Enquirer: 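Got a structure here, written out as structure tokens. Questions coming.
Being a predicted model, the structure only gives us computed values, none of them experimental. Only this structure's heavy atoms are used, side chains among them; waters, hydrogens and symmetry mates stay out. The residues of the chain are indexed from 1 along the displayed sequence.
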Amino acid sequence: CIKCSLYIKIKIGPTQFSNRSDSQSNHLIFVWFQIPQISYASTAPELSDDRRYDFFSRVVPPDSFQAQAMVDIVKLMGWNYVSTVASEGSYGEKGVEAFMQISREAGGICIAQSLKIPHDHKQADFDKIIRQLLETRHARAVIIFAYDEDIRGILNASKRADQVGHFLWIGSDSWGAKNSPIQGLEDAAIGAVTILPKRATIEGFDQYFTSRTLENNRRNVWFAEFWEENFNCKLMSSSKKEDTSRKCTGQERIGTDSKYEQEGKVQFVIDAVYAMAHALHNMQKDLCPDQSGVCGEMEHAGGKKLLKYIRSVNFNGSAGTSVTFNRNGDAPGRYDLFQYQMNINNTPGYKVIGQWIETLQLRINEMQWPNSEMKIPSSVCSLPCKTGQRKKMVKGMPCCWHCEPCDGYQYQFDETSCKLCAYNMHPNANRTGCQPIPIVKLEWHSPWAVIPVFLAMLGIIATTIVMATFIRYNDTPIVRASGRELSYVLLTGIFLCYIITFVMIATPDIAVCSFRRIFLGLGMCISYAALLTKTNRIYRIFEEGKTSVTPPKLISPTSQLAITSSLISVQLLGVLIWFGVDPPNTIIDYDEQKTINPDKARGVLKCDITDLQIICSLGYSILLMVTCTIYAIKTRGVPENFNEAKPIGFTMYTTCIVWLAFIPIFFGTAQSAEKLYIQTTTLTISMNLSASVALGMLYMPKVYVIIFHPELNVQKRKRSFKAVVTAATMSSRLSHKPSDRPNGEAKTELCENVDPNSK
């Protein structure tokens, strides 16, 4: 150092060509400077001399930068499941450790397996490593921090296992762009991505180094060892080299008798020397400004202070790039990225595909992959889940998961969870969201509606014909004998029973729902109130006639209408209370047709009427029906000649059977997806059948006589109440032969034949 007036003795070591594993694993450039007044030793912390200090400066980028570059490559490729292979020793283990640490910090990368190549390895060790790597076949990417011979062993083992092209190798700078690790194994190395610190060939060094001989390079204590390794010979019998017996002549020449390629780290050795020179120069300039050489203050400065000056240098290095150090003493990370691929001449070779200078710059379109794969091969633990599926993570492996479909009414909320749709929604086709459940109602064209509507229309036509006939022949004996007032009331109830079919099928709204509440039980109530009044009157007449000749009270037409009206008013009063407590409204019931398959789920538009409310509305009418049936049973002994008790009885028996069948069907389908249709159809058909039974048994025979046998529709003589009761009593004791029946007395209504004022 001319500026400092110092003589610097430089020793570079240890060498990379040494066959010792500890030296092979050391990628730091250590420089030992011997100065007459003070010594600084980078590798001699054991020296007790107080004037010696331990320090080093790294001009080669550290493993952390290399590992960061590898992590960036893995993430850019979309790989999240990789394995690592390291040569046992400082270099391999620290490199893998740095990669794993940075990948954990970056996230999104899982280590499938981390394997180690032992020092004293055998072929079986490499075969075992390949077998272990194949246990996680999806982890195709393999990070390698290994020496040349270990790389060759791994590639050879992959060929023996017939797995050429399966693994995606990512090699560290120990692989770099060397041919020695892959010589003869080119097919197994195709597609490998390797890293090498940016370097330049130093002009003049090749000429200098190839001219070195044993005679002119005695100052290098390792040169003799290098000579033996390079020329594969022994200099003396005491040589440690045991794999050859050939003796060195000393006339061998580097590059002529052996292969020579400038070592890639020559640039960094030179830069390390210059870094020390610049640091000493700056230190001397600051501490000894007024004198040359080492002053007293510089002599006692210490290694820590010199280290500060080393880390502060900034100059252009031998390759023309800036040489600086960060606060950790590391040089900036600059790497070239290579891929071993087939060139246009169909011969394999390394190709620069990008670089890493703090950030990754990679030309993916120039990359080639094994087995001529066109897309970037995958190296993932689990394939992406399909839409509508969630990830169920594997414990301890954030990159591994099982795909589970979102079932039922769930949709995919995010990658790892499913959520239930709102009660009025169901998942869409790909289960990425929810959509409204379709609304349905009973349509007029539905088979569930066509049948009851058809029956109702027939019933309405028949009821209209009967009512028109009765009105047309209102004063004829048969019409008068049927009890005209109650007959019209009964026919009105029958008509309403048919009309309710249309109200039940109509599209629900507030008006329709109001009519449903009113007419649902009203038609039946009117019908059975009239029939109950009739049967009650017959029963009272004959019961009273057994003990007295005085007619019972309230058997006149006006009284009968009053009784019927009072019975009907109870139903109307209940409906009014219902309106007040719970005003009519429409609802959309999503539970009724919420099937297991959400695609078939439907919301049912209907009136706000529960099954219980329907039964309660019909309950009073059913009570009237049962009471009427009881009276029909009690009056079954009344002679057919004198009353309508038997037709009424048959009507009630049949009606009871209809409604007994209705109840289990109505409640048995409460959980069915077709509940709306089944219950509506069952209810309307039951009401249609009830009305049709009453119409057919009570009025069709009369209409038939009135229209087709008018000769039977004639006035008969009136008899007193006593005569009627006596005749009925005697008739019940005699046989009911047709020849014994008085002509013209058949099927006459008691109330019309009785003259209450007759003596």
Enquirer: Is it the case that the side chains of Gln361 and Trp356 hold a donor-acceptor pair, with the cut-off being a distance below 3.5 Å and no angle test?
Expert: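 The answer is no; no qualifying pair exists.
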Enquirer: Return the minimal non-hydrogen interatomic distance between Trp169 and Ala188, and the atom names on each side.
Expert: NE1-O, 3.2 Å
Enquirer: Are the side chain of Thr244 and the backbone of Arg246 linked by a donor-acceptor contact shorter than 3.5 Å?
Expert: yes
Enquirer: Look at the side chain of Tyr340 and the backbone N and O of Val193, then say whether any donor-acceptor pair between them is shorter than 3.5 Å.
Expert: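 No: the side chain of Tyr340 does not pair with the backbone of Val193.
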Enquirer: Do you know which two heavy atoms are closest between Leu196 and Gly176, and how far apart they sit?
Expert: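 Smallest heavy-atom distance, with atoms named: CD1-CA, 4.0 Å.
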Enquirer: Please verify the inter-ring angle class for Phe338 with Tyr350; under 30° counts as parallel, over 60° as perpendicular, anything in between as tilted.
Expert: perpendicular
Enquirer: Taking atom types as modelled and ignoring hydrogens, do the side chains of Asp336 and Gln355 form a donor-acceptor contact shorter than 3.5 angstrom?
Expert: no
Enquirer: Could you walk me through whether Glu228 and Lys234 satisfy the salt bridge (charged side-chain N to carboxylate O under 4.0 Å, His left out) test, starting with their C-alpha distance in whole Å, then the side-chain angles of each, then the deciding distance to 0.1 Å, before giving a yes or no?
Expert: CA-CA 6 Å; Glu228 289 182 328; Lys234 298 174 69 173; over 6 Å; no
Enquirer: Taking the SG atom of each, are Cys110 and Cys399 under 2.5 Å apart?
Expert: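 Cystine link detected, SG atoms below the 2.5 Å cut.
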Enquirer: If you take the centroid of each ring, where Trp contributes its six-membered ring, are His138 and Tyr81 closer together than 6.0 Å?
Expert: no
Enquirer: How about Glu215: does its CD atom have over 12 heavy atoms from other parts shown lying under 6.0 Å from it?
Expert: yes
Enquirer: With a 3.5 Å distance limit and no angle check, can you tell me whether Ser87 reaches the backbone of Tyr147 through a side-chain donor-acceptor pair?
Expert: yes
Enquirer: Between Ile310 and Phe325, what is the shortest heavy-atom contact and its length?
Expert: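 Minimum heavy-atom contact is O-CD1, 3.3 Å.
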Enquirer: Will you find, in the side chains of Glu105 and Gln101, an N or O donor that is under 3.5 Å from an N or O acceptor?
Expert: yes
Enquirer: Side-chain contact test, heavy atoms from C-beta onward, threshold under 4.5 Å: evaluate it for Arg431 versus Gln389 and give yes or no.
Expert: no
Enquirer: Start with the C-alpha distance between Val352 and Leu337, add both sets of side-chain angles, then the distance that settles side-chain contact (heavy atoms from CB on, under 4.5 Å), and finish with yes or no.
Expert: CA-CA 6 Å; Val352 177; Leu337 306 179; over 6 Å; no
Enquirer: Do Val85 and Ile117 come close enough that some side-chain heavy atom pair is under 4.5 Å?
Expert: yes
Enquirer: Using a 3.5 Å distance criterion without hydrogens, assess whether the side chain of Lys75 forms a donor-acceptor pair with backbone atoms of Gly107.
Expert: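 Present.
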Enquirer: What pair of heavy atoms forms the shortest contact from Ser103 to Val71, and how long is it?
Expert: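 Looks like N-CG2, 4.0 Å.
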Enquirer: Is the backbone of Leu155 close enough, under 3.5 Å, to the side chain of Arg160 for a donor and an acceptor to pair up by distance?
Expert: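 Absent.
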Enquirer: If I take atom OG from residue Ser158 and atom CZ from residue Phe126, how far apart are they, to the nearest 0.5 angstrom?
Expert: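 Rounded to the nearest 0.5 Å, the OG-CZ separation comes to 11.5 Å.
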Enquirer: Do other residues, nucleotides or ligands put more than 12 heavy atoms under 6.0 Å from the CG atom of Asn365?
Expert: yes
Enquirer: Please report the interatomic distance CG(Leu214) to CG(Leu235), rounded to the nearest 0.5 Å.
Expert: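 Here the rounded value is 5.5 Å.
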Enquirer: Just by modelled atom types, is the Tyr208 backbone N or O under 3.5 Å from a matching donor or acceptor in the Arg212 side chain?
Expert: yes
Enquirer: Could you check whether any side-chain N or O of Asp125 sits under 3.5 Å from a backbone N or O of Lys122, counting only pairs where one atom can act as donor and the other as acceptor?
Expert: yes
Enquirer: Just by distance, with hydrogens left out, do Ser174 and Ser172 show a side-chain donor and acceptor under 3.5 Å apart?
Expert: yes
Enquirer: Would you call Ile190 and Gln341 a side-chain contact if the rule is heavy atoms closer than 4.5 Å?
Expert: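 With C-beta onward as the side chain, the pair stays apart.
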Enquirer: Would you say the side-chain atoms of Ser312 and Asn282 include a donor-acceptor pair closer than 3.5 Å?
Expert: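 Their side chains do not contain a donor-acceptor pair, so the 3.5 Å distance test is not met.
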Enquirer: Side chains of Ile376 and Ile364, heavy atoms from C-beta outward: is any pair under 4.5 Å?
Expert: yes
Enquirer: Please report the closest heavy-atom contact between Ile129 and Lys116, naming both atoms and the distance.
Expert: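 Smallest heavy-atom distance, with atoms named: CD1-O, 4.1 Å.
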Enquirer: I'd like to check Ile73 versus Leu360 (side-chain heavy atoms, cut-off strictly below 4.5 Å). Are they in contact?
Expert: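 Yes, their side chains come closer than 4.5 Å.
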Enquirer: Under the side-chain contact (heavy atoms from CB on, under 4.5 Å) criterion, do His166 and Leu134 qualify, and how do the steps go?
Expert: CA-CA 9 Å; His166 173 74; Leu134 290 174; 3.9 Å; yes
Enquirer: In chain order, what residues pass the salt bridge (Lys or Arg N to Asp or Glu O under 4.0 Å) check against Arg390, with sequence neighbours excluded?
Expert: Glu404
Enquirer: Would Thr359 and Asp72 count as a side-chain contact (heavy atoms from CB on, under 4.5 Å) if you check the C-alpha gap in whole Å, the side-chain angles of each, and the deciding distance to 0.1 Å?
Expert: CA-CA 8 Å; Thr359 58; Asp72 290 346; over 6 Å; no
Enquirer: Heavy atoms, side chains only, cut-off 4.5 Å: are Asp414 and Thr416 in contact?
Expert: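 Contact flag for Asp414/Thr416 side chains = yes.
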Enquirer: Within the 3.5 Å criterion, strictly below it, is a donor on Glu252 or Thr249 matched to an acceptor on the partner's side chain?
Expert: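 On atom types as modelled, these side chains qualify, holding a pair under 3.5 Å.
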Enquirer: With under 30° as parallel and over 60° as perpendicular, where do the rings of Phe209 and Phe205 fit, or are they tilted in between?
Expert: parallel
Enquirer: Between Arg152 and Gly184 (side chain of the first, backbone of the second, donor and acceptor by atom type, cut-off under 3.5 Å), is there such a pair?
Expert: no
Enquirer: Would you say Met367 and Lys351 make side-chain contact, with heavy atoms under 4.5 Å?
Expert: no
Enquirer: Would a distance-only check, ignoring hydrogens and angles, find a side-chain to backbone donor-acceptor pair under 3.5 Å from Arg131 to Ala161?
Expert: no
Enquirer: Give, for atom CD of Glu415 and atom SG of Cys403, the distance between the pair rounded to the nearest 0.5 Å.
Expert: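 Between Glu415 CD and Cys403 SG, I get 10.0 Å after rounding to 0.5 Å.
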Enquirer: Could you tell me whether the side chains of Tyr91 and Asp173 share a donor-acceptor contact shorter than 3.5 Å?
Expert: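 Side-chain D/A pair, Tyr91 to Asp173: present.
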Enquirer: For Thr84 and Ser114, does a side-chain donor sit closer than 3.5 Å to a side-chain acceptor?
Expert: yes
Enquirer: Could you tell me whether the side chain of Asn216 and the main chain of Ser211 form a donor-acceptor pair under 3.5 Å?
Expert: yes
Enquirer: Under 4.0 Å between a side-chain nitrogen and a carboxylate oxygen: does that hold for Glu373 and Arg140?
Expert: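 Result for this pair is yes, salt bridge flagged.
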Enquirer: Please report the interatomic distance CG(Asn316) to CG(Asn314), rounded to the nearest 0.5 Å.
Expert: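 CG of Asn314 is found 8.0 Å from CG of Asn316.
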Enquirer: Does the side chain of Ser258 come under 3.5 Å of the side chain of Asn230 through a donor N or O and an acceptor N or O?
Expert: yes
Enquirer: Could you measure the distance from the NZ atom of Lys128 to the CD1 atom of Ile130? Nearest 0.5 Å is fine.
Expert: 13.5 Å
Enquirer: Show the nearest heavy-atom pair for residues Ala301 and Lys305, with the distance to one decimal.
Expert: O-CB, 3.7 Å
Enquirer: Walk me through whether Glu88 and Glu93 qualify under side-chain contact (heavy atoms from CB on, under 4.5 Å).
Expert: CA-CA 6 Å; Glu88 190 174 14; Glu93 293 178 27; 3.4 Å; yes
Enquirer: Look at the aromatic rings of Trp79 and Trp369 and report parallel, tilted or perpendicular, splitting at 30° and 60°.
Expert: perpendicular
Enquirer: Does Arg311 make a cation-pi contact with Tyr309 (under 6.0 Å, within 45 degrees of the axis)?
Expert: no
Enquirer: Report yes if the side chains of Lys198 and Thr321 come closer than 4.5 Å at any heavy-atom pair, otherwise no.
Expert: no
Enquirer: Can Thr347 and Asn345 be counted as having a side-chain donor-acceptor contact under 3.5 angstrom?
Expert: no
Enquirer: For Lys419, does the NZ atom sit with more than 12 other heavy atoms under 6.0 Å from it, leaving out its own atoms?
Expert: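 No - once you tally the heavy atoms of other residues, nucleotides and ligands closer than 6.0 Å, there are 12 at most.
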Enquirer: Rounded to the nearest 0.5 Å, what separation is found between the CD1 atom of Ile154 and the CG atom of Leu185?
Expert: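 Here the interatomic distance stands at 11.5 Å.
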